[in-house]
Amino acid sequence: MVVAVVAGIAGSRILTAGRHWVMLVCGLLVFAASDVAFAVVDVTGGYQVGTLLDAGWACGLALVAIWALESSGPEPGARPTRLWTLALPALSTAAGLGVLVLASRVPVSDLAINLATATLLLASLRTVLAFRELGRMSDLRRLARTDDLTGLPNRRALYTDVQLSLALGAGGRRALLLLDLDRFKEVNDSLGHNVGDELLVQIGHRLSARLRPRDLLARLGGDEFAILLDDAGREKAETMAAGIRTELAVPFTLEGIALQTSVSIGIALFPEQGEDLTSLLRKADMAMYKAKAQRTGHRVYRSVDDSHGENRLRTLQELRVALQDDQIELYYQPKVHLATGEVHGVEALVRWNHPSRGLLEPDQFLDLVEESGLMHPLTQVVLAKALDQAARWVRHGQPLTVAVNLSASALIDVELPERIGAMIDARGLPTSALLLEITEEFLMSDRERAHDILSRLRNTGIRIAVDDFGTGYSSLAYLRDLPIDELKLDRSFVQPMADDARAAALVASAVVLAHSLGLAMVAEGVEDGVAYEELNRYGCDQAQGFHLSRPVPAVELERWLALRRTGSAVVRP
Ligand code: C2E
Ligand code: CA
Ligand code: CA
């Protein structure tokens with residue numbers, strides 16, 4: 001029995017018995033030696049209680065106990081080998097079966113038959129346990145490959161499955177589509193994470209429904225999804241991308257809200273654009289970025305996209321130089337009072353006079369400015385230039401209020417109000433010379449902070465306008481709560497007014513809304529006389545747009561103002 005026990009331990013635990021297994025072996029040996037000695041002594045009838053022999057068992061047990069204390073728990077990382085876990089039950093089962101088979105031929109003791117039966121029962125119990133364990137392990141494996149929220153495969157699963165699919169399906173064409181929702185952050189910020197999560201789930205359903213059985217869909221995290229299209233070239237991939245965009249354009253109903261989303265898709269083709277998932281993802285990502293920036297919806301990767309990274313770096317370096325070397329210029333666009341036709345204010349719009357690329361418009365560099373953390377210095381330069389210009393106009397006897405755009409990141413600067421106040425004072429200007437245009441994003445990113453900064457600005461007499469009004473997801477509550485003076489209705493409302501009665505009605509009621517809250521309404525993007533007249537009829541306060549003047553350098557604006565004063569009607573450069 002001792003030999004059996006030692007063998008059992010050797011089989012099941014010795015590999016995990018820890019550094020002190022010698023103790024265990026010694027303990028068992030001392031114990032066995034005492035037994036043998038006892039047997040020998042007892043045969044001759046010479047055994048007496050209380051001799052040194054009795055201590056043998058105690059010593060043996062003590063050694064085993066020390067081993068148990070020293071190695072409480074298996075060593076980390078040490079696991080019984082698979083072979084042993086399988087071999088032991090297999091051996092015992094075979095031995096048990098052997099005994100039973102033997103018992104059918106020759107007489108075998110009852111004890112042996114009972115032990116063999118017990119062994120077989122134990123072995124089947126072990127099988128049941130092993131089966132349960134296997135089930136649990138496959139559950140765990142599935143969980144590790146599944147995205148919690150949507151139940152779709154996750155990034156890890158994508159890597160294993162796509163790698164496998166690319167390796168197996170040599171010769172076949174594939175397309176990797178990378179999807180990124182547009183403005184998902186706004187949904188999350190304004191409607192809460194629950195709604196955002198639910199939106200992702202529903203998007204997952206719609207995408208799955210669209211795919212063929214052999215296509216792969218995974219959520220990479222956040223608002224990013226990836227699809228590997230089986231047997232698809234450029235054309236098929238583009239058709240699928242267009243289909244997905246149409247599908248996702250149908251509004252989602254979430255907590256009673258119909259939510260419109262859009263998605264930008266970058267496509268990379270296998271094998272011509274990449275042999276493995278990493279390079280395909282990288283290229284799809286670059287194409288997606290381009291699609292998003294150009295609002296084209298989807299785009300198949302092209303090698304020009306690749307120079308993007310390098311281009312970006314160069315532009316970044318140039319941008320730093322531009323801020324120091326006075327390459328930043330301001331163009332001014334007048335705001336006309338509809339009732340009187342007078343001009344009391346202009347909006348300053350930034351331009352980058354690039355040494356080799358010529359005059360760049362904000363959408364060519366503002367994103368980069370924002371991402372590279374250069375917005376603060378840029379805002380300082382713009383403010384300084386705008387206020388310098390305002391001071392010049394005061395000296396020329398034609399004071400104009402200058403409107404400067406503040407991006408949401410300007411909120412980081414808690415000393416903004418004091419800084420701006422000092423800049424105005426330094427030029428001897430009244431605070432009414434400056435108007436700040438902020439976006440709804442500015443208001444939504446951090447309500448309390450926005451409220452605080454705006455209140456302090458407004459207490460000094462600087463006026464605040466909400467830019468691109470109507471395009472954000474924010475609630476109307478801020479109109480009531482926040483210290484603002486003016487709404488600038490986004491041009492997407494103004495432009496369809498001429499041929500869409502409902503759009504016109506919307507503009508008319510927006511004007512009423514603004515007035516009932518004591519706010520002035522400025523219409524952006526007025527491109528023709530019809531819109532201008534309509535706005536006048538609705539009681540809108542001011543208009544700004546190409547119909548009146550494009551943004552122009554200060555001297556040109558002065559010429560335009562002079563012409564206006566001498567009676568020439570609308571002048572367009
Ligand atoms: P915004 O504040 O909405 O500025 C108005 C934009 O609409 C200007 O584009 C202007 O040229 C354009 N626009 C004016 N009238 C019309 C029209 O009748 N029809 C059409 N289709 N467009 C018209 P711009 O100068 O390219 O500026 C784009 C955006 O860049 C601005 O939009 C503003 O959000 C941002 N931006 C401009 N300057 C600055 C700045 O100094 N700082 C910050 N943070 N953002 C700026
Ligand atoms: Ca603006
Ligand atoms: Ca605007």
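Order of appearance sets the numbers: ligands from 1, and atoms from 1 within every ligand. Start at 1 with the first residue, then count along the sequence.
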A student checking ligand 1 against V526 at a 4.0 Å heavy-atom cut-off should list atoms 18 (O)

Any heavy atom of E347 under 4.0 Å from ligand 1? The part involved is side chain

Among the N/O/S atoms of E437, the Ca ion (ligand 2) lies closest to OE1

Can you tell whether the side chains of D326 and K385 come within less than 4.0 Å, N to carboxylate O?
yes

Original post:
Short N/O distance, under 3.5 Å, between M375 and ligand 1?
Top reply: no

Filtering R491, Q364, K385 for the heavy atom nearest atom 6 (C) of ligand 1 leaves R491

OD1 (N405) to the Ca ion (ligand 2) to OE2 (E347), nearest 10°, is 90°

CG of L406 to OG1 of T439, rounded to nearest 0.5 Å, is 9.0 Å

Close approach, R351 and ligand 1, non-hydrogen under 4.0 angstrom
yes

**Asked** Taking N or O atoms only and a 3.5 Å limit, does F546 qualify as a polar contact for ligand 1?
**Response** yes

So the atoms of ligand 1 within less than 4.0 Å of a heavy atom of L366 turn out to be 30 (O), 35 (C), 36 (N), 45 (N), 46 (C)

- Query: Looking only at heavy atoms of Q495, does any of them come nearer than 4.0 Å to an atom of ligand 1?
  - Reply: yes

Value for CG (L178) from CD1 (I227), rounded to nearest 0.5 Å, stands at 9.5 Å

Looking at R183 and E186, is there a salt bridge between them, counting it only when a charged N and a carboxylate O are closer than 4.0 Å? yes

For this session: Using distance alone, determine whether N405 and ligand 1 share an N or O pair under 3.5 Å.
Result: yes

Problem set entry | Distance-only polar pair, side chains of Q333 and S549, donor-acceptor under 3.5 Å | no

d(T401 OG1, W393 CH2) to nearest 0.5 Å is 10.5 Å

| Looking only at distance, does D468 have an N or O less than 3.5 Å from an N or O of ligand 1? | yes

For D467, the N, O or S atom at the shortest distance from the Ca ion (ligand 2) is OD2

Note: ligand 1 atoms sitting under 4.0 Å from heavy atoms of Q333 are 14 (C), 15 (N)

Distance col, row L200:CG vs H205:NE2, nearest 0.5 angstrom, shows 11.0 Å

At under 4.0 Å between heavy atoms, what of E524 touches ligand 1? The answer is side chain

For G545, the atoms of ligand 1 under 4.0 Å from one of its heavy atoms are 15 (N), 18 (O)

Shortest non-hydrogen pair, E418 vs V414, comes out as OE1-O, 3.9 Å

Logged contact type for V382 with ligand 1, heavy-atom cut-off 4.0 Å, is side chain

In ligand 1, the atoms that come under 4.0 Å of a heavy atom of S407 are 44 (N)

Practice prompt. Evaluate the criterion side chain to side chain donor-acceptor pair (under 3.5 Å) for residue pair D147 and T150; output intermediate values, then yes/no.
Written response: CA-CA 6 Å; D147 170 52; T150 56; 2.5 Å; yes

With heavy atoms and a 4.0 Å threshold, my read on which part of V350 contacts ligand 1 is both

- Task: Before giving the answer on side chain to side chain donor-acceptor pair (under 3.5 Å), spell out for K488 and Q544 the whole-Å C-alpha distance, their side-chain angles and the decisive distance to 0.1 Å.
- Result: CA-CA 9 Å; K488 295 191 77 177; Q544 179 183 348; 2.8 Å; yes

In ligand 1, the atoms that come under 4.0 Å of a heavy atom of E361 are 26 (O)

Separation between CG (L454) and CG (L436), nearest 0.5 Å, reads 8.5 Å

- Message: side chain to side chain donor-acceptor pair (under 3.5 Å), that's the test. Do D180 and S264 meet it? Break it down for me.
- Response: CA-CA 5 Å; D180 189 286; S264 299; over 6 Å; no

